[in-house]
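In listed order, ligands and their atoms are each counted from 1. Treat the numbers as computed from the prediction; the structure is a model and nothing was measured.
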Amino acid sequence: MTPAGGLAVHCRGVTKDFGTGDSLTRALRGVDLDVPYGELLMLVGPSGCGKTTLVSIVAGTLEPTAGVVTVLGHDLAAMSNGRKVRFRRDNVGFVFQSYNLLPALTAAENAAVPLLIAGWRRAAAVEAASEVLDQLGLGDRLTNLPSELSGGQQQRVAIARALVHEPRLLVCDEPTSALDAENGRITMELIQRIAVQPNRAVIVVTHDARVYSFADRIAAMEDGRIDSVTSAGEVGRPANPA
Ligand SMILES: Nc1ncnc2c1ncn2[C@@H]1O[C@H](COP(=O)(O)OP(=O)(O)OP(=O)(O)O)[C@@H](O)[C@H]1O
Ligand SMILES: [Mg+2]
């Protein structure tokens with residue numbers, strides 16, 4: 001078995017530099033991280049420590065400068081761009097920190113995008129997306145455009161879009177940042193129900209201490225590195241290695 005066997009995500013020595021010379025930013029400085037199947041891992045840490053950079057690399061939307069990244073048993077560096085796009089489409093759901101909704105599509109159409117890309121018929125895709133939106137409390141906003149939605153409503157459309165095709169790896173960047181406590185809880189419960197399964201895994205970047213109880217483990221990042229990984233129930237105690 002490879003070192004990554006049994007793991008949904010396996011990162012070793014992952015670095016990421018942005019820019020060169022005077023404008024060089026070392027966003028990641030050697031990240032080692034394993035996420036087993038069936039786990040919901042939360043990633044926490046101060047602004048600018050590298051959380052979005054790390055989850056973008058794991059989700060395959062950003063290339064690392066160096067290091068090994070294995071996702072669902074596949075070495076991302078060994079994939080052609082075309083294969084990586086297909087792999088992402090079929091296996092990864094990503095909730096972007098900035099939502100990235102398409103402005104000309106309604107809430108239900110936005111949430112249906114992964115199904116449409118996968119070849120579903122439009123009516124079936126929109127119906128499936130509408131069901132997820134309904135579970136997130138947006139049943140009365142299905143035909144609104146993003147510009148007609150509040151920030152928290154747009155955030156939930158982005159979450160529905162990431163969940164609708166039941167991806168094996170779900171990566172959420174601050175999924176509850178614009179939500180009140182009740183909607184944050186509803187969202188995390190839905191993420192847990194759909195995405196935390198024996199052959200799936202979830203990584204949630206968050207600053208929201210109200211949702212820490214949904215984590216199996218919490219990884220604390222600091223200045224481009226994982227500082228500590230704490231198991232559920234041990235938050236605040238000395239860390240275990242990853
Ligand atoms: N495209 C880019 N070009 C240059 N620098 C970048 C780029 N993207 C991120 N950075 C820098 O890399 C570092 C890590 O950024 P990142 O977005 O990963 O932080 P973060 O932990 O997600 O922060 P936040 O909590 O504010 O979202 C920061 O110093 C940031 O300015
Ligand atoms: Mg970020």
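- With respect to atom 26 (O) of ligand 1, the closest heavy atom belonging to the protein is Ser47 OG, 2.5 Å.
- A ring-centre distance under 6.0 Å is found for Phe94 and Phe96.
- At least one heavy atom of Cys49 sits less than 4.0 Å from an atom of ligand 1.
- The pair Glu148-Arg141 does not meet the salt-bridge criterion, since no charged nitrogen lies less than 4.0 angstrom from a carboxylate oxygen.
- Among the atoms of Thr52, an N, O or S atom falls under 2.8 Å of the Mg ion (ligand 2).
- For atom 6 (C) of ligand 1, the nearest protein heavy atom (residue, atom name, distance) is Phe18 CD1, 3.3 Å.
- Short contacts between ligand 1 and Thr53, defined as distances under 4.0 Å to a heavy atom of the residue, involve ligand atoms 14 (C), 15 (O), 16 (P), 18 (O).
- Taking any N or O of Glu174, backbone or side chain, none lies under 3.5 Å from an N or O belonging to ligand 1.
- Every atom of ligand 1 is numbered from 1 in the order shown, and the set under 4.0 Å from a heavy atom of Gln97 is 27 (O).
- Residues Ala215 and Ile218 approach most closely at CB-CG1, 3.7 Å, considering heavy atoms.
- Contact check on Glu189 versus Arg185 returns a salt bridge, with a Lys/Arg side-chain nitrogen under 4.0 Å from an Asp/Glu carboxylate oxygen.
- Under 4.0 Å is where a charged nitrogen must lie from a carboxylate oxygen, and between Asp17 and Arg29 no such pair does.
- Within ligand 1, the atoms closer than 4.0 Å to a non-hydrogen atom of Thr25 are 11 (C), 12 (O), 29 (O), numbered from 1 in the order shown.
- Closest to atom 12 (O) of ligand 1 among all protein heavy atoms lies Ala27 CB, 3.4 Å.
- Closest of all the heavy-atom pairs between Thr176 and Arg210 is O-NH2, 4.3 Å.
- Of all the atoms in ligand 1, the ones that sit under 4.0 Å from a non-hydrogen atom of His207 are 25 (O).
- Classification of Arg122 and Glu127 as a salt-bridged pair fails, no side-chain N sitting under 4.0 Å from a carboxylate O.
- Nearest heavy-atom pair, Leu105 versus Pro146, reported as atom, atom and distance to 0.1 Å: O-CD, 3.0 Å.
- Side-chain polar atoms of Asn100 and Ser98 form a donor-acceptor pair below 3.5 angstrom.
- Put simply, atom 16 (P) of ligand 1 has protein non-hydrogen atoms near it, under 4.0 Å away.
- Near Gly50, the atoms of ligand 1 lying under 4.0 angstrom from a non-hydrogen atom of the residue are 14 (C), 18 (O), 19 (O), 20 (P), 21 (O).
- Nearest protein heavy-atom neighbour of atom 25 (O) of ligand 1: Lys51 NZ, 2.7 Å.
- Of the protein's heavy atoms, Gly48 N, 2.8 Å lies nearest to atom 23 (O) of ligand 1.
- Protein heavy atoms are found less than 4.0 angstrom from atom 9 (C) of ligand 1.
- Among the backbone and side-chain atoms of Gln97, an N, O or S atom lies under 2.8 Å from the Mg ion (ligand 2).
- When each of Ile203, Thr206, Val202 is tested with Met42 by the rule side-chain contact (heavy atoms from CB on, under 4.5 Å), just one qualifies, namely Thr206.
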